[in-house]
Structures are given as structure tokens and as C-alpha cells.
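Heads up, the thing below is written out as C-alpha cells.
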Amino acid sequence: MLIVQKYGGTSVGDLERIEAVCNRVIESVKQGHKLVVVVSAMSGVTNELIDYANFFSKTPNGKDMDMLLSSGERVTSALLSIALNEKGFEAISFSGQKAGIITDSVFTKARIKFIDTNAIKKELKQGKIVVVAGFQGVSEQGDVTTLGRGGSDLSAVAIAGALKADLCEIYTDVDGIYTTDPRIEPKARKLDRISYEEMLELASLGAKVLQNRSVELAKKLNVNLVTRSSFNNNEGTIITKENGMEQALVSGIALDKNQARITLRKIKDKPGIAAEIFSTLADENINVDMIIQNVGVDGTTNLGFTIPENELEQAKLAMQKILGSEAIIESDRAVVKVSVVGVGMKSHSGVAATAFKTLADEGINIEMISTSEIKISVIVKEKYGELAVRALHEAYGLDKE
């Protein structure tokens with residue numbers, strides 16, 4: 001089989017962990033598999049590089065940041081290749097550019113346009129293990145780019161799809177997908193399998209095992225995906241298509257702490273104002289989540305929305321430019337998003353009612369609500385986030401087999 005394996009930062013956290021990954025890769029090769037291995041930077045390296053940049057500038061140029069941050073993964077790929085060769089298993093390390101990962105030119109969160117697999121295929125044909133630096137690519141103008149946080153997942157899935165690999169294995173420090181974060185709710189259970197749709201919702205709603213764009217791409221390219229731990233040999237969780245069988249009502253509860261709320265008060269209530277606001281945010285590559293607009297009074301209205309907390313200052317500056325001094329811009333970092341996810345919601349009623357009653361019984365006030373066919377998300381005060389997760393996990397019986 002042709003397998004793409006991806007190892008995250010904790011899996012390659014230090015030299016001993018890289019050696020452990022080396023031994024795991026060798027075991028796969030001994031089983032007769034051809035391997036492409038995608039690696040992240042060693043634990044803490046990316047943050048350290050960001051700190052280095054911030055020593056000189058709080059707003060460094062994105063092009064320079066990508067050149068800087070991409071170095072962490074290249075170090076890991078080279079070290080793993082050296083370790084494999086030393087043990088008698090021929091390997092070669094590739095940067096994202098050498099691996100043929102071509103992206104757009106949006107620095108620090110580029111999107112993959114296509115992958116030229118010729119270089120990888122050439123080395124695989126010669127029996128080599130190809131070790132690719134994840135999280136990075138190159139624009140068509142020749143500039144180094146990075147894919148955003150968790151981008152090594154995206155690199156692995158994209159390469160697996162382009163190569164039509166038999167399997168893509170994502171190795172982290174947890175042994176699969178759980179009904180919720182076990183650090184918040186010790187009764188959380190590991191799932192044997194989960195649909196692309198559910199995993200995409202959980203990943204985009206705060207579950208940190210997989211990057212949401214990687215799940216979206218896996219679904220699009222029909223990549224067979226499994227997530228498991230690099231610290232043990234336990235069976236992982238298979239991420240696949242819905243199998244058509246009766247689905248569990250709810251599969252998981254997610255908590256996203258990287259949330260901030262912006263409320264715009266006394267903005268002019270006129271046609272096109274919402275389009276202007278959200279087009280401006282889109283031009284800044286700021287992702288807007290929940291949106292609430294009140295009925296206009298005296299020619300003005302209030303508009304609230306949530307964004308990633310780390311994009312708050314950028315969003316406030318953008319709003320000040322287009323709204324001027326008349327509008328009032330308020331912000332709140334002390335909020336979190338709690339989400340209930342499950343494809344079984346499609347055919348069951350009362351899921352939302354259970355969520356709202358459960359939170360009310362705990363004295364938790366809901367500030368914003370968003371729903372889709374397979375999810376219910378609410379914004380609550382940060383101090384109630386973990387309590388909400390535990391209460392909902394119990395309410396839907398997720399602690400039971």
C-alpha cells in the first residue's frame with residue numbers, strides 16, 4: 001500500500017520522539033508499504049520563531065514570516081531523513097516547494113492550488129521514503145508560503161489525494177476522536193468511526209485533533225483518513241463517508257475558546273451596509289462566524305458577530321475605517337462557543353430543545369445561537385464553557401456506549 005503518514009509537533013517534540021517516529025516508519029516499511037511522511041515543526045519551535053519576529057516587530061511582513069516559520073518543519077524533515085538513512089532505510093527530505101505544493105499568495109494562511117507529484121513519485125519509484133516538511137508550499141511567483149495553524153494536516157491530505165494514496169494516517173498525542181475533550185470531561189469516549197461531515201463540524205468548532213481545512217479536503221478528494229496516537233499502538237478513529245446506517249443522535253461536543261464577539265451599535269440602517277461590513281472583513285481574510293442584526297430604530301441598527309479572538313484587533317481597525325466615529329464598536333474576548341454535533345440530528349427532533357433546557361438548568365445564559373442540519377452552536381460566557389460541555393455530554397448520553 002501507498003501510505004501518507006503525518007506526525008504532529010508533540011510526536012516529533014524532541015530528538016527522542018523523532019527517533020520513535022523513525023522506528024514507527026521503519027515498521028511500516030517492513031510491512032511492505034511505500035511511505036510519504038509529512039512532519040510538523042518540533043514542539044514549541046513555531047511559537048519560538050514568532051517570538052523572535054515579535055522582538056523586532058509586532059506587525060511583521062507576512063512574506064518574511066512565512067520564510068521564517070517554514071524553517072521549523074524543514075528542520076524536522078531533515079532530521080527524520082538523517083535518522084532513517086542512518087538505520088539503513090533510504091530516505092530523502094523535501095521542503096514544501098520541492099514536494100510540488102503550489103499555493104496562492106495569501107501569506108501566513110495560503111491555500112493549496114495544486115500539487116505537482118512528479119518529484120515525490122520519482123523518489124518513491126526508487127524505493128525511498130519521502131519525508132516532506134508540512135505546513136508550507138510555494139506560490140506561483142516563487143515565494144515561500146505557509147498554510148496556517150495545523151497546516152501540516154492539510155499538506156498530508158493534499159499529498160495523499162494527489163498521489164491517490166491508499167491511506168492517510170494522522171499521528172498526534174491522542175489516540176483518536178473523542179466525544180469531547182477528555183481533559184474537560186473524563187467520561188468522554190473514543191469513537192471508532194465518524195463521518196467527514198461530523199468531523200468537519202467538530203474541527204471547525206474547536207476540536208483540535210484535525211485542522212478543519214484538511215477534513216474538508218479529505219472529503220472532497222475521498223481520502224481514507226485515520227487519526228491515531230504516535231505514543232501507543234491503539235486503534236484510532238476512521239474518518240469516512242456516512243455509511244447509510246442509523247446514525248447516533250449526537251457524536252460529539254466541541255468547545256472553541258478562540259472566540260471574540262464584536263457588536264456594532266448605531267450604524268446606519270440602509271441597504272448594503274451589511275454587505276460593506278462583511279466584504280471589508282473578507283478582504284482582510286477575517287473569518288466571520290455567527291451574525292445577529294437587530295430591527296432598525298430611528299435610522300440606525302445594531303449588528304453583532306463572532307470572529308477568531310486572535311483577529312479581533314485587525315477586525316476593529318477595519319470597522320473603524322468604514323464606519324467612522326458615529327458608530328460604537330464594542331468587543332468581548334470573554335466568550336466561548338459550545339457546539340453539539342451529529343448527523344443523527346437530520347432525522348430527530350428535540351435536539352435543540354434538550355441543549356437549551358440543559359444549559360438553562362445549569363444557569364448558563366445563551367448570548368448567540370447558530371444551527372445547521374447537523375450542529376447547534378451557542379456563544380456563552382467563558383467561565384461557563386467547560387460546565388456547558390460536561391452538562392451537554394451527559395444530557396445526550398455520550399458517556400454511554
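Computed from heavy atoms alone, side chains included, the values below leave out hydrogens, waters and symmetry copies. Positions are given from 1, in the same order as the sequence printed here.
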Problem - Polar side-chain atom of Ser57 near backbone of Ala53 as donor-acceptor pair, under 3.5 Å - result: no

Problem - Sidechain-backbone polar pair: Thr306 side chain, Met290 backbone, donor-acceptor under 3.5 Å - result: yes

Fill in the blank from the handout: In this structure, CD1 of Ile238 is separated from CD1 of Ile177 (nearest 0.5 Å) by 12.0 Å

Exercise for the section: Please indicate whether Lys63 has more than 12 foreign heavy atoms, meaning atoms of other residues, nucleotides or ligands, lying under 6.0 Å from its NZ. Expected result: no

Practice task
Decide yes or no for Ile253 and Thr179: does some side-chain heavy atom of the first lie under 4.5 Å from some side-chain heavy atom of the second?
Solution key: no

Practice task
Return yes if some donor-acceptor pair links the side-chain N/O of Ser279 with the main-chain N/O of Glu276 below 3.5 Å, else return no.
Solution key: no

Practice task
For the pair Tyr7 and Tyr171, name the ring-plane relationship: parallel under 30°, tilted 30 to 60°, perpendicular over 60°.
Solution key: parallel

Problem - Thr117 side-chain N/O to Leu163 backbone N/O, donor-acceptor pair under 3.5 Å - result: no

Exercise for the section: Would you mind reporting whether Val75 and Val45 have side-chain heavy atoms less than 4.5 Å apart? Expected result: no

Problem - Flag side-chain contact, heavy atom, 4.5 Å: Asn222 against Tyr196 - result: yes

Handout entry: Considering all heavy atoms, the nearest Ala318-Thr280 contact
Key = CB-CG2, 4.0 Å

Practice task
Examine distances only and state if a side-chain atom of Asn302 and a backbone atom of Gln293 form a donor-acceptor pair shorter than 3.5 Å.
Solution key: no

Handout entry: Whether Ser81 side chain and Ser77 backbone form a donor-acceptor pair below 3.5 Å
Key = no

Problem - CD-CD distance between Glu311 and Glu309, expressed to the nearest 0.5 angstrom - result: 10.0 Å

Handout entry: Within-4.5 Å side-chain heavy-atom neighbours: Asn224 and Asp166
Key = no

Exercise for the section: Indicate whether the side chain of Asp66 and that of Thr146 have a donor and an acceptor atom separated by less than 3.5 Å. Expected result: yes

Handout entry: Pair Ser105, Gln141: side-chain N/O donor-acceptor within cut-off below 3.5 Å
Key = yes

Problem - Donor + acceptor pair across side chains of Ser40, Ser152 (<3.5 Å) - result: yes

Exercise for the section: Assess whether atom CD of Glu373 is packed by more than 12 heavy atoms of other residues, nucleotides or ligands within 6.0 Å. Expected result: no

Practice task
Determine yes or no for a side-chain-to-main-chain donor-acceptor pair under 3.5 angstrom, with Arg213 supplying the side chain and Leu147 the backbone.
Solution key: yes

Handout entry: Shortest non-hydrogen contact from Leu200 toward Asn212
Key = CD1-O, 3.2 Å

Problem - Test item: Arg74 side-chain N/O and Ala133 main-chain N/O as donor-acceptor pair under 3.5 Å - result: no

Practice task
Test Thr371 against Lys375 for side chain to side chain contact (heavy atoms under 4.5 Å, CB included), laying out the working first.
Solution key: CA-CA 6 Å; Thr371 64; Lys375 78 125 196 272; over 6 Å; no

Completion exercise
Of all heavy-atom pairs linking Thr354 and Ala395, the shortest is CG2-CB, 4.3 Å

Handout entry: Side-chain touch Arg24/Asn233, heavy atoms, less than 4.5 angstrom
Key = yes

Practice task
Please examine the side chains of Thr227 and Leu225, heavy atoms only from C-beta on, and report whether any two atoms are closer than 4.5 Å.
Solution key: no

Problem - Atom pair CG (Leu35) and CD (Glu27), whose distance is rounded to the nearest 0.5 Å - result: 11.5 Å

Handout entry: Distance-only donor-acceptor check, side chains Ser251 and Glu198, under 3.5 Å
Key = yes

Exercise for the section: Output yes when a side-chain donor or acceptor of Gln314 lies under 3.5 Å from a complementary backbone atom of Glu284, and no otherwise. Expected result: yes

Exercise for the section: Walk me through it: do Ile194 and Leu202 pass the test side chain to side chain contact (heavy atoms under 4.5 Å, CB included)? Expected result: CA-CA 10 Å; Ile194 190 170; Leu202 287 171; 3.6 Å; yes

Problem - Exceeds 12 heavy-atom contacts within 6.0 angstrom, atom NZ of Lys128 - result: yes

Problem - Over all atoms of both residues, closest heavy-atom pair of Ser28 and Gln5 - result: OG-NE2, 3.0 Å

Handout entry: Side-chain ion pair, Arg333 and Glu382, N-O less than 4.0 Å
Key = no

Handout entry: Heavy atoms of other groups near Tyr52 OH, more than 12 under 6.0 Å
Key = no

Problem - Salt bridge present between Glu386 and Lys257 (N-O < 4.0 angstrom) - result: yes

Handout entry: Sidechain-backbone polar pair: Tyr396 side chain, Ala355 backbone, donor-acceptor under 3.5 Å
Key = yes

Problem - Check ion pair Lys381-Glu367 (N to O, under 4.0 angstrom) - result: yes

Handout entry: salt_bridge(Glu19, Lys87) N-O dist < 4.0 Å
Key = yes

Handout entry: Beyond-backbone contact of Val29 with Ile129, side-chain heavy atoms, under 4.5 angstrom
Key = yes

Completion exercise
Taken to the nearest 0.5 Å, the spacing of Met319 CE from Leu317 CG works out to 10.0 Å

Exercise for the section: Using a cut-off of 6.0 Å, state whether more than 12 heavy atoms not belonging to Met67 lie near its atom CE. Expected result: no

Practice task
Using the side chain to side chain contact (heavy atoms under 4.5 Å, CB included) rule, take Val39 and Leu80 through it: C-alpha gap first, then chi angles, then the decisive distance, then the call.
Solution key: CA-CA 9 Å; Val39 292; Leu80 180 56; 3.9 Å; yes

Problem - Salt bridge Lys6-Asp153, side-chain N to carboxylate O under 4.0 Å - result: yes

Exercise for the section: May I ask you to check whether over 12 heavy atoms, not counting those of Asp104, lie within 6.0 Å of atom CG? Expected result: yes

Practice task
Would you indicate whether the side-chain heavy atoms of Leu154 and Ile112 approach each other to under 4.5 Å?
Solution key: yes

Practice task
Dump the intermediate steps for side chain to side chain contact (heavy atoms under 4.5 Å, CB included) on Glu140 and Ile102, then the final yes or no.
Solution key: CA-CA 7 Å; Glu140 290 179 294; Ile102 309 301; 3.5 Å; yes

Handout entry: Minimum heavy-atom distance Ala99-Val132, with the two atoms named
Key = CB-CG1, 3.8 Å

Problem - Euclidean distance, Phe135 CZ relative to Thr145 OG1, rounded to 0.5 Å - result: 9.5 Å

Problem - Glu86 atom CD, over 12 foreign heavy atoms within 6.0 Å - result: no

Practice task
Take atom NZ of Lys109 as the centre, draw a 6.0 Å sphere, and report whether it contains more than 12 heavy atoms from other residues, nucleotides or ligands.
Solution key: yes

Handout entry: OG1 on Thr172 to CG on Leu210, rounded to 0.5 Å
Key = 8.0 Å

Exercise for the section: List the atom of Arg17, the atom of Ser230, and the distance in Å for their closest heavy-atom pair. Expected result: NH2-O, 3.1 Å

